[in-house]
Protein chains: 2
Amino acid sequence: MTKESERSTIADVARRAGVSKATVSRFFNHRETLLTPEIARRVELAVAELGYSPSPMAQSLKRGRSRLIGLVVADITNPYSVAVLRGAEHACREAGYLVMLFNLGNDLERESAGIRALTSYKVEGFILNTMGHDAGAALETARQGKPVVLVDRLHRGLEVDFVSLDNWQAIELSGGHLLEAGYRDLLLVTEPLGTVSSRIERVQAFTQFVDATPGTTGACYESRAEDPSGLDAALLQLRQRAKGPCAVVSSNAVVSLRIVAAAARQGWRLGGDIGLVGIDDTPWAPYVGPGITAVSQPTDELGRLAAQCLMQRLQGLQAAPRSILLPGTLHARGSTQR
Amino acid sequence: MTKESERSTIADVARRAGVSKATVSRFFNHRETLLTPEIARRVELAVAELGYSPSPMAQSLKRGRSRLIGLVVADITNPYSVAVLRGAEHACREAGYLVMLFNLGNDLERESAGIRALTSYKVEGFILNTMGHDAGAALETARQGKPVVLVDRLHRGLEVDFVSLDNWQAIELSGGHLLEAGYRDLLLVTEPLGTVSSRIERVQAFTQFVDATPGTTGACYESRAEDPSGLDAALLQLRQRAKGPCAVVSSNAVVSLRIVAAAARQGWRLGGDIGLVGIDDTPWAPYVGPGITAVSQPTDELGRLAAQCLMQRLQGLQAAPRSILLPGTLHARGSTQR
DNA sequence: TTGTAAGCGTTATCAT
DNA sequence: ATGATAACGCTTACAA
């Protein structure tokens, strides 16, 4: 490998091998079908000597395809997003794609900007885990035939592949477990619903679960980080209205931590004074208080499947939009033991 | 904005405005200096009507610059990496750059592959938070004059800007706090050192702290996730050798959780039976056991500074490699109260 | 089977 | 001040 300061180009290889640029290009794209073994060997040698590899930028410009996948996440700080990202990145790379990441930092308005930025780099497809608030660009993208996969959150009007936890199953699992443990009066705490489909769906599932289960009562509360005292009030109200043991279902790990904090403020023991089961298992869940009961999501799998859907579409799959729902798994711990 | 299915090109704009492609290009690159207001207005109008924006790919091909920054992280699952990533991405975007992410997934061997992949996309600079194990490509990159910034971990032989927690300060802070709280016999637990400079440095700092502080004893243990019983043994040994109260300094949040788990296995109370202070604060630290005392890193700031260094180099700054060390902040909690 | 040449969407160097 | 034109590194008709 000679050490030129500049990267060598297809022309360098052609010159060195004594062939045309076209032949070198063929070596990379149709080696088996179009090339004489002898020529192929010469090219191969020159490529090795120069340490040449094609410029994806130039290829992209010519082909209109980039081997790039755009991944837009609402908030890279969210461990769930990260876990999905991880799975997706892995699958993409295995398929020869690189991931371009755009983080919204929870700034709703930037969704279209992000999609456009990635579009301009000619990404071949999108994986979206966003708020679905400002989906104009996403819609346009899909209309242009670029594959889009939604993770965890649906966008209304956007009929594309969708990969997510089965929220109904997860809520039923949580609720059923609480019942078995003897809790009767329940409160679902979620982040502000906004237009986030997964949050809304969990509320719906919860409401239906309570309605369908005689002897239980339920309510919902939207908690925001800036307003811990609102949460305190909601929890106090739960305890007041409860005739028997009461429990909280938390909509994600961030909220679970808020509940834990609130319980600490009130001096309540988790499990005994108030039950808690949360969606999203975390490495620390077993060690907080008596251990937090949680429903884990198969996050890696979700990311992997999202990428896989995209790959299939890129290979031309024309089936109707699919909806892939994966079940969660309950991990019972002290926070649901009375 | 007319809705063509294809993105419009500079040629479309030129035609529409009745000018040449060169003029449109000038409109974007040297508007003030080279264009008649009248012409500029016509171009501006055409651009708006067509919703045109230049193709970064084509620009990149022509200019040899891509407005892309390559970010290589050892493990996207690590919250520290994510936090840094977040800060860096933000700063890059503000400067008009997009981040291309390459995650090693803790696969040491892939470092060069990642750097090469990103290089082929003509990223203009690198932010590296990796193991430094396989730095061949990084070295080559730096030699080619592409700016590189290292975060948290040095690579030997690679003399470039470096941004990190001040590990000496952080360890001294932790150790000092333990002393004040009355702990005398200390154990530093870290992930396997390998070639990771930050881990090594923390051990050095710890050793020196113990040596320089009469009346204390210290030891180090390298803990691996697969071997919890090894950790148990190390902790038992600590308690045996300890004449008075003993405590553990944990090298990062993952290890802290392992210590917590080990203490739980032994039935020890954190703080009373064994002290614990960890580097890396986390949202859950206050709620695990009696609360885990931790030294927080200014992660956002670290990422921001890394990106900022890069931007300065991209603007031609030729100063000698800088080393930016930021102090940590102690958050005292129950795990260091006897 | 291989080479020639046009063109992907830009920018930069010439002219004008 | 503006326009024609040649690159940037690659792929792909079309020719040979």
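Below, read A as the first sequence line, B as the second, and so on, with proteins coming before strands; counting in each chain starts at 1.
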Select one nucleotide: of C:dT10, D:dT11, D:dT2, the one nearest the side-chain heavy atoms of B:I10.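 From the listed options, C:dT10 comes nearest.
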
Quick note, A:R63 side chain, CB onward, closest among C:dG3, D:dT11, C:dA12 is D:dT11

Residue closer to the 5' end of DNA chain C, B:L61 versus B:R26 (nearest nucleotide):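 So the residue in question is B:L61.
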
[X] [atom1] to [N] [atom2]: how many Å, rounded?
{"X": "A:H30", "N": "D:dT11", "atom1": "NE2", "atom2": "P", "result": "8 Å"}
{"X": "B:K62", "N": "D:dC10", "atom1": "NZ", "atom2": "P", "result": "15 Å"}
{"X": "A:F28", "N": "D:dG9", "atom1": "CZ", "atom2": "P", "result": "15 Å"}
{"X": "B:F27", "N": "D:dT2", "atom1": "CZ", "atom2": "P", "result": "13 Å"}
{"X": "B:L34", "N": "C:dT11", "atom1": "CG", "atom2": "C1'", "result": "13 Å"}
{"X": "B:R67", "N": "C:dT11", "atom1": "CZ", "atom2": "P", "result": "12 Å"}
{"X": "A:R65", "N": "D:dC10", "atom1": "CZ", "atom2": "C1'", "result": "13 Å"}
{"X": "A:K21", "N": "D:dC14", "atom1": "NZ", "atom2": "P", "result": "19 Å"}

For B:S120, which contact category applies under a 4.0 Å heavy-atom criterion: base, sugar-phosphate, or nothing?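 It contacts nothing in the nucleic acid.
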
Base, sugar-phosphate alone, or nothing: which one does A:V19 contact when heavy atoms must sit under 4.0 Å apart?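 Counting heavy atoms under 4.0 Å across all strands, the contact made by A:V19 is with sugar-phosphate only.
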
Go through it in stages, so that I can follow the logic: the residues are B:R7 and B:S53, the test is side chain to side chain donor-acceptor pair (under 3.5 Å), and I'd like the CA-CA distance, side-chain angles, deciding distance and then a yes or no. CA-CA 9 Å; B:R7 268 175 79 86; B:S53 69; 2.8 Å; yes

Looking only at side-chain N and O atoms, does [X] come under 4.0 Å of OP1 or OP2 in [N]?
{"X": "A:Q59", "N": "D:dG9", "value": "no"}
{"X": "B:T9", "N": "C:dG9", "value": "no"}
{"X": "B:Y52", "N": "C:dT10", "value": "yes"}
{"X": "B:S20", "N": "D:dT2", "value": "no"}

For DNA chain C, find the residues of residues 35-45 of chain A with a heavy-atom distance under 4.0 Å and give them by number; none if there aren't any. A:L35, A:T36, A:I39

Does the cation-pi check pass for A:R93 over B:F102, that is, NZ or CZ under 6.0 Å from the six-membered ring centre and within 45° of its axis?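 So A:R93 does make the cation-pi contact.
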
May I ask you to say whether A:E44 pairs ionically with A:R41, meaning some side-chain N is under 4.0 Å from a carboxylate O? no

Heavy atoms of B:S60 and B:K122 approach each other most closely as OG-CB, 4.2 Å

Tell me whether B:R67 contacts the main-chain N or O of B:E124 through its side chain, where contact means a donor paired with an acceptor under 3.5 Å.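 Answer holds: no.
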
I'd like to know if the side chain of B:R26 pairs up with that of B:T33 as donor and acceptor (distance under 3.5 Å, no hydrogens or angles considered). no

Validation row, ring centre B:Y52 to ring centre B:F28 under 6.0 Å: yes

